[in-house]
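We use all heavy atoms of the structure for the numbers below, so side chains are in, but hydrogens, waters and symmetry mates are not. Each chain gets a letter, A, B and so on, in the order its sequence line appears, and its residues count up from 1.
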Amino acid sequence: MGEPRQVYVEELSQHVGQEVLIQGWLFNKRSSGKVRFVIVRDGTGWVQGVVTPAADEETFELAERLPQESSLRLWGVVRADARAPGGFELDVRRIQPIHIPKEPFPIGLKEHGVGFLMDHRHLWIRMGKQVPLLRIRDAVLWAIRDFFKRRGFVATETPILVGTSVEGTTTLFPLDYFGRQAFLSQSGQLYLEATCLALGKVYWIGPVFRAEKSKTRRHLTEFWMAEAEVAFLEHEGNLTLQEELVRHIVEAVVAERARELAQLKRDPEVLLAQVREPFARVTYAEAVEIVNAHGVEMSYGDDFGAPAEDALSAHFGRPVFVERFPAKIKPFYMKRAPDDPQVALCADLIAPEGYGEIIGGSQRVDTEEELLAQLEEYGLPREPYEWYIDLRRWGSVPHSGFGLGVERTVAWIAGTRHIRETIPFPRLLDRLYP
RNA sequence: UCCCCGGUAGCUCAACUGGCAGAGCAGCCGGCUGUUAACCGGCGGGUUGGAGGUUCGAGUCCUCCCCGGGGAGCCA
């Protein structure tokens, strides 16, 4: 026999009848006198251990005394049991405490308010929905990397510290850079355009920062974007790439994280059905009519507000691309449609079920003349963009790209209404702790 | 920045038109051989967010401030 093997809760099905060692934390305990139950979590799942006087005296005593979130090693024999939520239980032989808290764990098993939970985010992430949610986030990020890797994209990086804004309109976090003004990047796109002319197909996944005073369930001040940029790719191909990426993410998460989706009561069939068909595609002008038909007022030239996005997502019931926005409500770097210079060759992808815009993308301006004209049109200074203009001076090619909001994508797939739970430590207006 | 709601025990909440501040959970003590947010009995626990005001009397009404939540705008 020898020493019992150390295993994780998610591996228990492979060890029925064997004695194993689980290392984890006491999530909860219950007692019926001579039968005591300890629920232990280890990051991969939860399992109930059954402690009876058959265990040694100290272990039997610990099963009654250990407070919530004690860390411990637990030796027991794995047994399949229909009564166990996960299908398996442990008949406990021995418990060895590693750390016994001196004070009650702040987060109980009963309900708490959001403010309290956010103040204890560092402890909240151990609880309930948070673990499967963060495991789904992990799967989403790996699915993105896997998708691009398989297609020969080069993973690259863009700077976080920048000297100028990418999109003139959005608010930036300023900071002092050795006496000069610098900002936290709000998008890696412009740099990715340069990199794609070096490497062909590139992507990066990283944090971006928006100093908007947004207080909604869809906004963070620090969030993660997966951005891609492809040389020689035009608008149509850009949409196809985005659609294939999103479909791949959903299929990969459903395949790899079925257990977590079940814990979150998210029906994988609903997700698969949403991405099975080709995504809907409408022009901005058509979208405005659909939105108005749903009783949400907006006129041509307005950007879509949250109610408008919700109307669109309700109308289609699957992801929908909104193409060809009026150029004046989109950033300076987007290429104009050859048949209508008033509209940009761009698209936003609106997620189903009201999870909002998850992708913004476009074909980029590719001639120096157009770029200079558009910088001027937007009232932007030329100097900080000289390097960007250079890209159109030497070997410019048609190129396109997009940015996918990781947290909104996770929220949609996990079926979690508020984006704050899709990242371990959300940064929100008025919330910088912990 | 604007609009709405809230702040009472460690947590979640109650307390009528102003009249003795209460319950569940958590904690502590005890009971229970299959519990599933276990259950049963007992005990302790409060500057009612802060400052000022009205009143015989304020958790409750008024003013200002602070904090939190929801939403809008903007965006991914």
Check your understanding: Given atom CZ of A/Arg79 and atom P of B/G34, what is their separation to the nearest angstrom?
Key -> 14 Å
Check your understanding: Which nucleotide sits closest to the side chain of A/Val50: B/G34, B/G68, B/C74?
Key -> B/G34
Check your understanding: Heavy atoms under 4.0 Å, any strand shown: does A/Glu222 hit a base, just sugar-phosphate, or nothing?
Key -> nothing
Exercise for review: Using only side-chain N and O atoms of A/Arg431, determine if any of them is under 4.0 Å from OP1 or OP2 of B/G69.
Suggested key: yes
Check your understanding: Of the nucleotides B/A37, B/G27, B/A76, which has the atom closest to the A/Pro104 side chain?
Key -> B/G27
Check your understanding: Between B/U55 and B/G18, how far is it from one P atom to the other, in whole Å?
Key -> 16 Å
Check your understanding: For A/Arg217 and B/G71, is the shortest distance between a side-chain N/O and OP1 or OP2 below 4.0 Å?
Key -> yes
Exercise for review: May I ask you to say what A/Glu103 touches in the nucleic acid, namely base, sugar-phosphate or nothing, with a heavy-atom cut-off under 4.0 Å?
Suggested key: nothing
Review point. With no hydrogens and no angle check, is any side-chain donor or acceptor of A/Thr59 less than 3.5 Å from a backbone partner on A/Ile95?
Key: yes
**Study point:** Under-4.0 Å side-chain N/O to phosphate OP1/OP2 contact, A/Lys213 with B/U1
**Key:** yes
Review point. When the P atoms of B/G50 and B/G59 are considered, how many whole Å apart are they?
Key: 11 Å
Practice item. For A/Glu64 and B/C32, give me the distance from atom CD to atom P, rounded to whole Å. Key: 10 Å
Practice item. Just call it for A/His120: base, sugar-phosphate, or nothing, with non-hydrogen atoms closer than 4.0 Å on any strand. Key: nothing
Practice item. Sticking with atom P, work out how far B/A21 lies from B/C4, rounded to a whole angstrom. Key: 33 Å
Check your understanding: Reckon A/Ser32 touches a base, only the sugar-phosphate, or nothing at all at heavy-atom distances under 4.0 Å?
Key -> base
**Study point:** N/O (side chain, A/His112) to phosphate O (OP1/OP2, B/G10) under 4.0 Å
**Key:** no
Check your understanding: Watson-Crick or G-U wobble partner for B/C2, using a 3.5 Å limit on both distances?
Key -> B/G71
Review point. Within a strict 4.5 Å, meaning less than it, do heavy atoms of the A/Val208 and A/Phe223 side chains meet?
Key: yes
Practice item. Identify whether any heavy atom of A/Ala306 sits under 4.0 Å from a base atom; if not, whether one sits that close to sugar-phosphate; answer base, sugar-phosphate or nothing. Key: sugar-phosphate
Check your understanding: For A/Ile107, which contact category applies under a 4.0 Å heavy-atom criterion: base, sugar-phosphate, or nothing?
Key -> nothing
Review point. For B/G57, what is the paired nucleotide under Watson-Crick or G-U wobble rules, both distances under 3.5 Å?
Key: none
**Study point:** Verdict with reasoning, A/Arg41 to A/Glu69, per salt bridge (charged side-chain N to carboxylate O under 4.0 Å, His left out)
**Key:** CA-CA 9 Å; A/Arg41 59 172 192 85; A/Glu69 287 303 308; 2.7 Å; yes
**Study point:** Touch class at under 4.0 angstrom, heavy-atom based, for A/Asp303 against every strand present
**Key:** sugar-phosphate
**Study point:** Side chain A/Ser214 and base B/C74 donor-acceptor under 3.5 Å
**Key:** yes
Point to revise | Nearest-angstrom distance, P atom, B/A76 to B/U1 | key: 23 Å
Review point. Just by modelled atom types, is the A/Trp224 backbone N or O under 3.5 Å from a matching donor or acceptor in the A/Glu407 side chain?
Key: yes
Check your understanding: Which nucleotide in the list B/C75, B/G69, B/A72 gets nearest to the side chain of A/Pro307?
Key -> B/A72
Review point. Base, sugar-phosphate, or nothing: which does A/Leu220 touch, judged by heavy atoms less than 4.0 Å apart?
Key: base
**Study point:** Nearest-angstrom distance, P atom, B/A23 to B/G44
**Key:** 11 Å
Revision key, fill the gap. For B/A26, the nucleotide meeting Watson-Crick or G-U wobble distances (both under 3.5 Å) is none
Review point. Rounded to the nearest Å, what distance is computed from the NZ atom of residue A/Lys29 to the P atom of nucleotide B/U33?
Key: 18 Å
Review point. So what does A/Gly356 hit on the nucleic acid, given a heavy-atom distance under 4.0 Å: a base, only sugar-phosphate, or nothing?
Key: nothing
Study note, to complete from the structure: Mate of B/A9 across any strand shown (Watson-Crick or G-U wobble, both atom pairs under 3.5 Å) is none
Exercise for review: Please state how far atom CD in A/Gln68 lies from atom C1' in B/G27, giving the value in whole angstrom units.
Suggested key: 12 Å
Check your understanding: So, A/Gln189 and A/Glu229: side-chain donor and acceptor under 3.5 Å apart, yes or no?
Key -> no
Check your understanding: Where do A/Leu241 and A/Phe153 land on the side-chain contact (heavy atoms from CB on, under 4.5 Å) test, with the steps shown first?
Key -> CA-CA 12 Å; A/Leu241 180 67; A/Phe153 281 63; 3.9 Å; yes
Review point. Considering only the P atoms, how many Å lie between B/A14 and B/G24, rounded to the nearest integer?
Key: 16 Å
Point to revise | Closest nucleotide among B/G73, B/G71, B/U33 to the A/Lys34 side chain | key: B/U33
Point to revise | Presence of A/Arg30 side-chain N/O under 4.0 Å of B/C40 phosphate oxygens OP1/OP2 | key: no
Practice item. Quick one: label A/Glu309 by what it contacts on the DNA or RNA (base, sugar-phosphate, nothing), any heavy atom closer than 4.0 Å. Key: base
Check your understanding: Which nucleotide in the list B/G70, B/A76, B/U33 gets nearest to the side chain of A/His219?
Key -> B/A76
Point to revise | Nearest-angstrom distance from the residue atom NE2 of A/His418 to C1' of B/G71 | key: 10 Å
Check your understanding: Ring stacking, A/Phe223 with base of B/A76, under 5.5 Å and under 30°?
Key -> yes
Exercise for review: Please examine the side chains of A/Met127 and A/His112, heavy atoms only from C-beta on, and report whether any two atoms are closer than 4.5 Å.
Suggested key: no
Practice item. Answer yes or no: is there a donor N or O on one side and an acceptor on the other, between the side chain of A/Arg408 and the main chain of A/Ile419, under 3.5 Å? Key: no
Check your understanding: If only side-chain N and O atoms of A/Arg420 are considered, is one of them under 4.0 Å from the OP1 or OP2 phosphate oxygen of B/G70?
Key -> yes
Check your understanding: With a 4.0 Å cut-off on heavy atoms, is A/Glu111 in touch with a base, just the backbone sugar-phosphate, or nothing at all?
Key -> base
Check your understanding: Taking the same atom, P, in B/U12 and in B/G69, what whole-Å distance lies between them?
Key -> 12 Å
Revision key, fill the gap. Checking N1-N3 plus N6-O4 or O6-N4 for Watson-Crick, or N1-O2 and O6-N3 for wobble, each under 3.5 Å, the partner of B/A51 is B/U63
Check your understanding: Considering only side-chain heavy atoms of A/Arg65, which listed nucleotide, B/U12, B/A76, B/C29, is closest?
Key -> B/C29
Exercise for review: Identify whether any heavy atom of A/Asp430 sits under 4.0 Å from a base atom; if not, whether one sits that close to sugar-phosphate; answer base, sugar-phosphate or nothing.
Suggested key: sugar-phosphate
Exercise for review: Specify the separation, in whole Å, of atom CG of A/Asp91 and atom C1' of B/U33.
Suggested key: 13 Å
Practice item. Check whether any side-chain N or O of A/Arg36 sits under 3.5 Å from a backbone N or O of A/Val51 as a donor-acceptor pair, and report yes or no. Key: no
Exercise for review: Assign A/Ser31 to base, sugar-phosphate, or nothing according to its heavy-atom contacts below 4.0 angstrom with the strands shown.
Suggested key: base
Practice item. Write down the distance separating the C1' atoms in B/U35 and B/C43, rounded off to the nearest Å. Key: 25 Å
Practice item. Answer yes or no: is there a donor N or O on one side and an acceptor on the other, between the side chain of A/Thr283 and the main chain of A/Glu286, under 3.5 Å? Key: yes
Practice item. Using whole Å, report how far NZ of A/Lys102 lies from P of B/G27. Key: 17 Å
